[in-house]
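This report concerns only the one structure given below.
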Amino acid sequence: MPELPEVETSRRGIAPHITGQTITGSIARAPKLRWPIPKLDFLKGQTIHKVSRRAKYLLIRCDTGTLILHLGMSGSLRVLPSNSPAAKHDHFELVMGDIALRLRDPRKFGAVLWTSEDPASHSLISHLGPEPLNSEFTADYLFSQTQKRTAAIKQVIMDNKVVVGVGNIYATESLFLSGIHPARAAKRISKARIEELHRHIVEILRYAIKRGGTTLRDFQQQDGSPGYFQQELWVYGRSGEACKSCGSTLKHKLLGQRTSAYCPQCQR
DNA sequence: CTAATTCCCTGGAAGC
DNA sequence: TGCTTCCAGGGAATTA
């Protein structure tokens with residue numbers, strides 16, 4: 001499933017192929033994903049100037065506005081010859097002469113949107129917190145946010161208003177690495193421990209991007225063997241198994257409708 | 001404002 | 001082998 005590193009990897013993958021290209025058409029094979037897919041006939045003849053990213057949104061800057069793509073949970077993007085046959089869940093594509101940017105999304109949690117305004121002021125984006133890998137996401141900032149919140153720390157770091165791009169997997173793993181219990185009230189964690197958590201969040205995201213956005217959960221290599229990351233998971237998806245650090249049986253708890261695995265011994 | 005809950009969707013796994 | 005049931009998950013929308 002695409003987390004922030006996978007979206008960034010997608011951006012880096014498609015940008016060289018589509019930047020500077022002229023759009024010759026677009027195809028929507030589904031009426032909607034998360035929201036209706038807009039009519040984009042006016043895009044014909046427009047040039048793609050830049051492919052950027054904000055949180056998990058991909059922003060494709062064109063002449064008169066910006067195409068906003070979200071991969072949801074199961075979305076993936078590929079650049080293919082435009083005459084290659086579309087597969088079952090290929091719901092949308094941008095055609096640029098001989099090539100096409102194709103969005104596949106079996107679970108339809110993704111999105112295709114258009115804005116003629118600055119995307120930063122779009123209603124889906126304007127309220128978002130800082131990027132985790134930008135200088136504004138500091139340990140001091142994270143600590144100040146936690147001081148305002150009585151909610152569980154895991155829910156706070158997964159809150160997009162606090163910081164974007166920390167999904168269930170990275171939240172679960174970074175809390176384990178920091179020795180912090182996921183259900184602990186955010187405001188009751190010392191500054192030193194929040195600094196530790198901040199460090200682990202940044203490290204794990206950087207590392208995942210360096211690895212080419214290897215999807216933690218679903219990724220399989222061409223030969224079907226699991227991705228490296230899967231073998232490196234400490235707690236995510238391992239409830240009932242032994243903690244790799246202390247041998248205790250890992251437990252899990254529902255927090256905000258999300259399964260949260262943890263080690264009762266290592267995390268307090 | 002925060003916090004809790006519901007909902008969207010389908011593939012894959014588990015149970016029968 | 002097939003059917004049915006359950007679960008995962010980002011995040012907006014809704015409600016308290």
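Values below: all heavy atoms of this structure, side chains included; hydrogens, waters and symmetry mates excluded. Convention: sequence-line order gives letters A, B, ...; per-chain numbering from 1.
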Parallel, tilted or perpendicular: which fits the ring planes of A/Trp234 and A/Phe176, with parallel below 30° and perpendicular above 60°?
-> parallel
Send over the distance from [X] [atom1] to [N] [atom2], rounded to a whole Å.
X        : N      : atom1 : atom2 : value
A/Leu124 : C/dA12 : CG    : C1'   : 8 Å
A/Asn160 : B/dT2  : CG    : C1'   : 16 Å
A/Glu3   : C/dA8  : CD    : C1'   : 12 Å
A/Ile125 : C/dG11 : CD1   : C1'   : 13 Å
A/Asn168 : C/dG10 : CG    : C1'   : 10 Å
A/Ile68  : C/dA12 : CD1   : P     : 12 Å
A/His127 : C/dG10 : NE2   : C1'   : 11 Å
A/Lys161 : C/dA12 : NZ    : C1'   : 11 Å

Cluster overlap A/Leu113 with A/Leu43, hydrophobic side-chain contacts below 4.5 Å = no
Flag yes if A/Val202 and A/Leu197 sit in one hydrophobic cluster, no otherwise; membership is Ile, Leu, Val, Met, Phe, Trp, Tyr, and two members link when side-chain heavy atoms are under 4.5 Å apart.
-> yes
With respect to the side chain of A/Thr259, which nucleotide from C/dA8, C/dA12, C/dG10 is positioned closest?
-> C/dA8
OP1 or OP2 of C/dA12 under 4.0 Å from side-chain N/O of A/Tyr57 | yes
Give a yes/no answer on whether the side chain of A/His70 brings an N or O atom under 4.0 Å of OP1 or OP2 in C/dG11.
-> yes
Polar contact flag, side-chain donor to acceptor under 3.5 angstrom, [X]-[Y]:
X       : Y       : result
A/Gln46 : A/Thr64 : yes
A/Asp63 : A/His49 : yes
A/Ser82 : A/Asp98 : no

Taking 4.0 angstrom as the limit, do A/Lys191 and A/Asp140 come out as a salt bridge?
-> yes
At under 4.0 Å between heavy atoms, which parts of nucleotides 3-14 of chain B does protein reach? Answer with one letter per nucleotide, 5' to 3': B base, S sugar-phosphate only, - none.
-> S--B-BBBS---
Determine, stepwise, if the pair A/Glu173 / A/Ile204 fulfils side chain to side chain contact (heavy atoms under 4.5 Å, CB included).
-> CA-CA 8 Å; A/Glu173 292 294 302; A/Ile204 199 168; 3.7 Å; yes
A/His252/A/Tyr262 aromatic ring centres below 6.0 Å = no
Which angle, rounded to 10°, do you find between the first-five-pair axis and the last-five-pair axis of the helix from B/dT2-C/dA16 to B/dC16-C/dG2?
-> 40°
